[in-house]
There are 2 protein chains.
Amino acid sequence: MTKPRTKIQAKNHAAILDAALDVFSQSGFRGATLDQIAEAAGLSKPNLLYYFPSKDLVYTSLLNGLLQTWLDPLRAMDPNGDPAREILGYVRRKVELSRDYPRESRLFANEMLQGAPRMKHILQTDLRDLVAQKAAVLETWMAEGRIARVNPVHLIFSIWALTQHYADFDVQVRAVLGPGHDPFAEADDFLTILYQRLLSPD
Amino acid sequence: MTKPRTKIQAKNHAAILDAALDVFSQSGFRGATLDQIAEAAGLSKPNLLYYFPSKDLVYTSLLNGLLQTWLDPLRAMDPNGDPAREILGYVRRKVELSRDYPRESRLFANEMLQGAPRMKHILQTDLRDLVAQKAAVLETWMAEGRIARVNPVHLIFSIWALTQHYADFDVQVRAVLGPGHDPFAEADDFLTILYQRLLSPD
DNA sequence: GTCTATACTCTGATAGAC
DNA sequence: GTCTATCAGAGTATAGAC
């Protein structure tokens, strides 16, 4: 992974990662080929391998940082803010992520389906810690009666599942809705109602 | 695809499909290899190709019928039953499917991530029709005030997303929960509460 | 029905000319 | 930095012996 020094290097470097995101997010690590990535990036295969010495390094370059940006909205949930506002804001930002970065969502989903061979450790450490921390915040809000009681960790799971579904199962959602729908706008409306009803204190 | 006539044929046929489910559900169509499937089935590669003339036919044999069994619980939702009971029963059966048939869930998820090249048509026809029909049932219940108002199609999406998440993202769920948890039992509890609160008429 | 051998293509990766 | 040429191995699939 050459550090981009010149403009042409930076451009090719970015083109490769963008192309790789296309291909890996659709076919997974094993299903993707360097030929496809090189073609999508507008480079020859040897030239691609000049920038990234191996297929694995292209893939892990994409994964690195993905979880971080993916979790930024959760990190942003403020313990001192208004509970409903914080949670609904998190849901909304996750819907926006699914709408604006569906390839990243699918790349992540692919890695999970494979059993997360390259991410398992970070899931068990960084992710687990962050969820524990935010679950504690949710518990506090519940104890104070500011939101209704519910399993806080599964509450977080539900937000992930519901928002990422619209990116990962995009084909299915559109096939069922048919033309003339904006899945993400409808998702935002639906999920706002869902979490309001779930979390309204009695 | 030979029709199983002898006992040994039936056994090998089943062994191949079971092995293929393992491999395809983890790596997707392109990422899976006949070598892996043959080895897992305890057969040689040529022998595998004696039963299924091509990789594609093994894969499509798995897909055929998958959507049908996957949707049986939705089909079973009875318009004449008690609304809350019918919906919560559907959720429960979907959780059980995720628990008992996670490979099928992941195979389906893989196909969706790839853009559903082999299922798009059936999604736009059979699936769409079934959802429209059941959404109409839900609308009726809402109009009668027996459950709270909410977008019925997205309600169905939410059940799919929330239940299948526990099969498809099993690694992540377990990594975050840590040992000593039963993800599916907890999911059942959480989702029962979620849908009770979402759908209780005021 | 099952095996060995093999054809042929694709895939990841390298060498070396320019 | 980029290209052509190429390699070794893996991949799907077939032929043919037993």
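In what follows, every heavy atom counts, from backbone to side chain, and hydrogens, waters and symmetry copies are set aside. Each chain gets a letter, A, B and so on, in the order its sequence line appears, and its residues count up from 1.
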Asks: Give the table of side-chain donor-acceptor pairs shorter than 3.5 Å for residues 114-123 of chain B, with sequence neighbours excluded, one pair per line with atom names and distance.
Replies:
| residue | atom | partner | partner atom | Å |
| --- | --- | --- | --- | --- |
| Gln114(B) | NE2 | Asn110(B) | O | 3.3 |
| Arg118(B) | NH2 | Asp56(B) | OD2 | 2.9 |

Asks: Hey, does the side chain of Thr140(B) reach the backbone of Ala136(B) with a donor-acceptor pair shorter than 3.5 angstrom?
Replies: yes

Asks: For a quick check, tell me whether the side chain of Lys55(B) and the base of dG11(D) share a donor-acceptor pair closer than 3.5 Å.
Replies: no

Asks: Dump the pairs, protein N or O against N or O of nucleotides 3-6 of chain C, anything under 3.5 Å, distances to one decimal.
Replies:
| residue | atom | partner | partner atom | Å |
| --- | --- | --- | --- | --- |
| dC3(C) | OP2 | Asn47(B) | ND2 | 3.4 |

Asks: Atom OH of Tyr50(A) and atom P of dT4(D): how far apart are they, to the nearest Å?
Replies: 17 Å

Asks: Heavy atoms only: give me the nearest Thr69(B)-Leu66(B) pair and the separation to one decimal.
Replies: OG1-O, 3.0 Å

Asks: Would one find a side-chain N or O of Ser54(A) under 4.0 angstrom from OP1 or OP2 of dG12(C)?
Replies: no

Asks: Does Tyr51(B) place a side-chain N or O at less than 4.0 Å from the phosphate oxygens OP1/OP2 of dG1(C)?
Replies: no

Asks: Please confirm whether the backbone N or O of Leu155(A) pairs with a side-chain atom of Ser158(A), one donor and one acceptor, at under 3.5 Å?
Replies: yes

Asks: Name every residue in residues 20-33 of chain B that has at least one heavy atom under 4.0 Å from any atom of DNA chain D, in order of residue number, or write none if there are no such residues.
Replies: Ala32(B), Thr33(B)

Asks: Using whole Å, report how far CG of Leu49(B) lies from C1' of dG1(C).
Replies: 14 Å

Asks: Categorize Leu34(B) for me: base, sugar-phosphate, or nothing, with a 4.0 angstrom heavy-atom threshold over every strand shown.
Replies: sugar-phosphate

Asks: Can you tell me the distance, in whole Å, between the CG atom of Asp56(B) and the C1' atom of dA13(D)?
Replies: 13 Å

Asks: Toward the 5' end of DNA chain D, which comes first, Gln36(B) or Asn12(A), by nearest nucleotide?
Replies: Asn12(A)

Asks: I'd like to know if the side chain of Glu86(B) reaches the main chain of Met77(B), judged simply by a donor and an acceptor atom lying under 3.5 Å from each other, with no hydrogens or angles considered.
Replies: no

Asks: Has Tyr90(A) got a side-chain atom pairing as donor or acceptor with Ile156(A)'s backbone, closer than 3.5 angstrom?
Replies: no

Asks: Is the shortest distance from a Lys or Arg side-chain nitrogen in Arg93(B) or Asp72(B) to a carboxylate oxygen in the other one below 4.0 Å?
Replies: no

Asks: Round to the nearest Å and state the distance from Ile37(A) atom CD1 to dT11(C) atom C1'.
Replies: 12 Å

Asks: Would the distance check show the side chain of Ser27(B) and the main-chain N or O of Phe24(B) forming a donor-acceptor pair, the cut-off being under 3.5 Å?
Replies: no

Asks: Using whole Å, report how far CG of Asp35(A) lies from P of dG11(D).
Replies: 16 Å

Asks: For Lys134(B) and Pro152(B), indicate whether the former's side chain and the latter's backbone hold a donor-acceptor pair under 3.5 Å.
Replies: no

